[in-house]
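First up is the structure itself, then whatever we jot down about it.
The first residue of the sequence shown is numbered 1, and numbering continues consecutively from there.
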Amino acid sequence: MITKATTEQPEVQPLVDDNSVTLDTPIRRGATNIDSITLRKPSSGELRGVSLSDLLNLDVASLIKVIPRISNPGITAVEAAGLDPADLVAMGSKVIGFLLQKSVKTDASLVA
């Protein structure tokens with residue numbers, strides 16, 4: 001008996017953007033809802049006016065200043081202030097990751 005070999009290709013999953021945060025509570029802007037925000041690594045100038053230690057401690061006022069500067073789609077400080085606390089913490093953890101050197105991130109992942 002001859003059997004036919006099947007070569008099934010594994011389903012290819014799209015790459016997940018590590019800098020995206022899916023919001024538990026979408027931001028309402030007029031008739032549209034923003035349900036996901038992508039953050040990018042800030043430049044030093046975009047961190048002006050905030051303390052790095054405050055950002056590392058997830059200080060709410062500091063996050064509300066920085067997140068609008070680095071978000072896509074861009075959100076306002078008022079919208080950032082109205083974020084669900086869980087969404088703010090999720091974005092804050094991304095911001096903390098941006099502030100760490102690659103070697104520190106690698107060392108931390110080996111220890112954990």
Item to check | Atom pair CD1 (Ile70) and CD1 (Ile75), whose distance is rounded to the nearest 0.5 Å | outcome: 9.5 Å
Checklist entry - Considering only heavy atoms from C-beta outward, does the side chain of Ile37 approach that of Asn72 to under 4.5 Å? => result no
Checklist entry - Is it the case that Ser20 and Ser36 place a side-chain donor and acceptor less than 3.5 Å from each other? => result no
Checklist entry - Ignoring hydrogens and geometry, is there a side-chain-to-backbone donor-acceptor pair from Asp24 to Ala86 under 3.5 Å? => result no
Checklist outcome for this item: For Ile27 and Leu83, the nearest pair of non-hydrogen atoms, with its separation, is CD1-CD2, 3.8 Å
Checklist entry - So, Glu46 and Arg40, do they make that salt bridge, N to O below 4.0 Å? => result yes
Checklist entry - Which distance, rounded to the nearest 0.5 Å, do you find between the CD1 of Ile64 and the CG of Asp59? => result 8.5 Å
Checklist outcome for this item: Those residues at least two apart in sequence (or on a different chain) that pass side chain to side chain contact (heavy atoms under 4.5 Å, CB included) with Asn57 are none
Checklist entry - Nearest heavy-atom pair of Leu23 and Met91: which atoms, and what distance? => result CD2-CE, 3.5 Å
Checklist entry - Where the side chain of Lys65 meets the backbone of Gly49, is there a donor-acceptor pair that is under 3.5 Å apart? => result yes
Checklist entry - With no hydrogens and no angle check, is any side-chain donor or acceptor of Lys94 less than 3.5 Å from a backbone partner on Asp18? => result yes
Checklist entry - Quick one: does Arg48's side chain have a donor or acceptor within less than 3.5 Å of a partner on Gly45's backbone? => result yes
Next on the checklist: With a 6.0 Å cut-off (strictly less than), is the heavy-atom count around CZ of Arg29, excluding the residue itself, greater than 12?
Outcome noted: yes
Next on the checklist: Let me confirm one number: the CZ-OG distance from Phe98 to Ser93, rounded to the nearest 0.5 Å.
Outcome noted: 9.5 Å
Checklist entry - With side chains defined as the heavy atoms from C-beta onward, is the minimum distance between Leu99 and Leu47 less than 4.5 Å? => result yes
